[in-house]
Amino acid sequence: MVKKSMTTDETPPKDSMLDDETLKILQVTAELIIDERGTFVGKHSERLRLTNKSGPAREVPLASLRQVLITSSGVSLSSDAVEECARRGIAIHFLDYAGRAYASLFSGQLTGTVKTRRSQLLAYTDQRGLHLAKAFAGGKIRNQLNVLRYMSKNRAVSNPDLFTAVRQATIEIEVLADRLMKLEGLNVDDIRGQLLNLEGRAAQVYWAQFKNLLLVETDWPGREGQGASDLVNSLLNYGYGVLCTRVEQALMLAGLDPFAGFIHTDRPGKPSLVYDLVEEFRQAVVDRVVVSLLNLKVDMTLDSDGRLDGGTRKLLVRKIMERLNDSQEKYEKKRHTLQYILYNQARHIATYVRNELGHEYEPYLCSW
């Protein structure tokens with residue numbers, strides 16, 4: 001399946017922090033989603049050629065692709081196809097049934113400078129790392145607050161009691177966000193425990209009201225991460241996994257090490273910085289999409305193993321890509337797509353750790 005975005009009138013500003021290679025990638029408006037077992041991906045002229053015994057071959061112009069998402073087992077690729085994708089800056093991500101990227105292929109020539117990674121590692125030990133951790137977590141909490149405001153803004157008349165309860169919850173979340181930003185220490189290790197405590201308390205309030213604001217009856221037990229088998233959590237978890245692939249690409253293009261985070265601790269194979277930056281975008285990109293699909297009563301189902309079925313996964317990925325590529329919000333005094341904002345935030349992290357940003361890193365805050 002090839003997902004193409006609607007065209008927009010967005011023109012990157014001349015003073016954009018994004019380099020020419022990144023801007024070129026952002027101008028491409030299609031993702032190739034390969035979700036059928038037994039598919040072979042090869043290169044034919046200027047196209048990727050997909051063949052499968054179940055149907056006729058398909059060809060996708062390479063010039064139109066931003067990334068390839070492989071969401072099924074039993075898919076194979078030719079070395080020619082991999083080489084051409086790498087040369088053009090087209091990322092290839094392999095996702096498991098829960099939406100987690102267990103492997104990603106990038107061109108080593110598109111991952112920025114050694115200077116940025118050295119600065120990133122040094123930033124962990126000083127005030128830069130402490131500030132970034134607070135910004136990521138604080139941005140997440142304030143975006144949770146904004147999503148609750150978005151979901152409840154039409155409830156003042158239809159359900160005043162719920163509107164009042166949500167309003168009280170947003171006040172509580174805002175207090176927690178303020179307390180988090182006032183945490184002090186020499187580096188992120190000094191505040192991590194307190195930061196995670198405040199972040200967790202805000203999340204409890206957010207998810208309780210999130211459930212109350214859904215317009216449909218669900219058997220949702222509350223927020224659960226890995227291993228969840230209900231529809232709502234499965235949608236959220238799969239969506240976050242898809243979003244992480246875009247975040248990882250943005251960080252790589254900015255020259256950052258996706259495994260060297262600030263909030264999330266180091267562990268082999270754990271892309272901690274991806275998990276850090278995704279905190280700013282979960283609510284605006286994934287939570288908003290899941291709420292919309294549920295409230296519109298779109299037919300979405302789990303298979304016999306308690307996993308999202310193929311049709312539901314395809315629908316969710318398509319809606320997330322539409323949200324990233326088509327939705328525009330005000331950012332730095334202009335309107336930009338969410339995917340542009342995401343890539344620019346990654347660039348801001350890189351310039352901040354190199355002491356070249358000119359001001360402190362500021363998290364992206366979604367509109368409501």
Side-chain angles (χ1 to χ4, degrees), residues 12-23 25-26 110-143 177-178 180-192 195-196 199 243-244 246-266 270-282 284-285 329-334 336 338-366:
K14 292 182 180 179
D15 60 348
S16 170
M17 295 192 68
L18 301 181
D19 57 40
D20 291 341
E21 286 296 328
T22 303
L23 290 174
I25 290 172
L26 294 187
L110 295 176
T111 57
T113 64
V114 173
K115 179 181 177 182
T116 298
R117 296 196 175 200
R118 286 176 175 163
S119 298
Q120 176 185 355
L121 296 176
L122 290 173
Y124 182 89
T125 65
D126 60 32
Q127 290 287 310
R128 289 171 297 171
L130 182 144
H131 175 76
L132 283 170
K134 288 163 60 175
F136 296 141
K140 171 187 177 180
I141 293 175
R142 293 195 181 279
N143 282 332
D178 289 340
L180 185 147
M181 296 309 297
K182 293 177 182 177
L183 294 176
E184 295 183 357
L186 296 177
N187 54 49
V188 65
D189 287 333
D190 288 345
I191 67 162
R192 179 176 286 108
L195 182 148
L196 293 176
E199 182 187 40
L243 177 59
C244 280
R246 185 63 66 83
V247 172
E248 183 177 19
Q249 184 179 29
L251 293 171
M252 295 283 284
L253 288 170
L256 293 158
D257 184 344
F259 293 90
F262 298 93
I263 297 176
H264 294 85
T265 55
D266 299 337
K270 179 181 178 181
S272 297
L273 188 60
V274 174
Y275 296 156
D276 284 354
L277 183 55
V278 81
E279 300 289 15
E280 292 183 24
F281 292 89
R282 290 176 187 265
V285 178
E329 293 204 2
K330 190 172 182 179
Y331 174 78
E332 297 183 345
K333 300 181 180 180
K334 296 183 180 180
H336 294 289
L338 285 171
Q339 57 97 11
Y340 175 90
I341 296 170
L342 169 56
Y343 281 71
N344 214 50
Q345 286 295 100
R347 186 66 62 179
H348 280 326
I349 297 170
T351 53
Y352 178 69
V353 298
R354 296 198 306 264
N355 293 313
E356 297 173 4
L357 186 57
H359 55 81
E360 289 193 322
Y361 174 84
E362 298 177 0
Y364 156 69
L365 299 180
C366 63

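Every heavy atom of this structure was used, including side-chain atoms; hydrogens, water molecules and symmetry mates were not.
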*asked:* Strictly distance-based, threshold 3.5 Å: is any side-chain N or O of Lys134 a donor or acceptor partner for the main-chain N or O of Leu183?
replied: yes
*If you measure only the distance, is there a donor-acceptor pair under 3.5 Å linking the side chains of Tyr364 and Asn344?*
no
*Do you know which of Phe262, Tyr361, Tyr352 makes ring-ring contact (aromatic ring centres under 6.0 Å, His included) with His131?*
Tyr352
*Apply the test side-chain contact (heavy atoms from CB on, under 4.5 Å) to residues Gln345 and Tyr331: give CA-CA distance (whole Å), side-chain angles for both, the deciding distance (0.1 Å), then the verdict.*
CA-CA 10 Å; Gln345 286 295 100; Tyr331 174 78; 2.7 Å; yes
_Cys366 SG to Glu280 CD distance, which is reported to the nearest 0.5 Å_ = 10.5 Å
*asked:* Walk me through whether Ile141 and Leu180 qualify under side-chain contact (heavy atoms from CB on, under 4.5 Å).
replied: CA-CA 10 Å; Ile141 293 175; Leu180 185 147; 3.8 Å; yes
*Shortest non-hydrogen contact from Arg117 to Gly255?*
CG-O, 3.2 Å
*Do the side chains of Phe281 and Ile341 get nearer than 4.5 Å, heavy atoms only?*
yes
*Does Thr351 reach the main-chain N or O of Glu356 with its side chain, forming a donor-acceptor pair under 3.5 Å?*
no
*If you look at every heavy atom in Ala123 and Val353, which pair is closest and at what distance?*
CB-CG1, 3.9 Å
*asked:* Assess whether a salt bridge exists between Glu360 and Arg128, defined as any Lys/Arg side-chain N lying under 4.0 Å from an Asp/Glu carboxylate O.
replied: no
*Hey, does Leu357 have a side-chain heavy atom less than 4.5 Å from the side chain of His348?*
yes
_Side chains of Glu329 and Tyr340: any donor to acceptor distance under 3.5 Å?_
no
*Nearest heavy atoms of Val247 and Val274, plus distance in Å*: CG1-O, 3.8 Å
*Ignoring hydrogens and geometry, is there a side-chain-to-backbone donor-acceptor pair from Arg347 to Leu253 under 3.5 Å?*
yes
*Taking all atoms of both residues into account, what is the closest heavy-atom pair of Gly139 and Pro363, and its distance?*
CA-CB, 3.8 Å
_Within the 4.5 Å heavy-atom criterion, are Arg246 and Tyr343 side-chain neighbours or not?_
yes
*Could you tell me the separation between the OG1 atom of Thr116 and the CG atom of Leu121, rounded to the nearest 0.5 Å?*
11.0 Å
*Just by distance, do the side chain of Asp190 and the backbone of Leu186 share a donor-acceptor pair under 3.5 Å?*
yes
*With a 4.5 Å heavy-atom cut-off, do Leu243 and Val285 have their side chains touching?*
yes
*asked:* Which heavy atom of Asp126 sits nearest to which heavy atom of Leu122, and what is that distance?
replied: OD2-O, 3.7 Å
_Validation row: Arg192, Asp189 side chains within 4.5 angstrom (heavy atoms)_ = yes
*Counting only N and O atoms by type, is there a donor-acceptor contact under 3.5 Å from the side chain of Gln120 to the main-chain atoms of Ala260?*
yes
*Minimum heavy-atom separation for Asp257 to Leu273, with atom names?*
O-CD2, 3.6 Å
_Are the side chains of Cys244 and Tyr275 in contact, using a 4.5 Å heavy-atom criterion?_
yes
*Under 4.0 Å between a Lys/Arg side-chain N and an Asp/Glu carboxylate O for Lys140 and Asp276?*
no
*Would you say the side chain of Lys270 lies within less than 4.5 Å of the side chain of Thr265, judging by non-hydrogen atoms?*
yes
*asked:* Test your reading of the model: is there a side-chain donor-acceptor pair from Gln127 to the backbone of Gly185, 3.5 Å cut-off?
replied: yes
_Check: Glu279 and Glu199 side chains under 4.5 Å, non-hydrogen atoms_ = yes
_Spatial distance of atom CG (Leu132) from atom CD1 (Ile349) [nearest 0.5 Å]_ = 6.5 Å
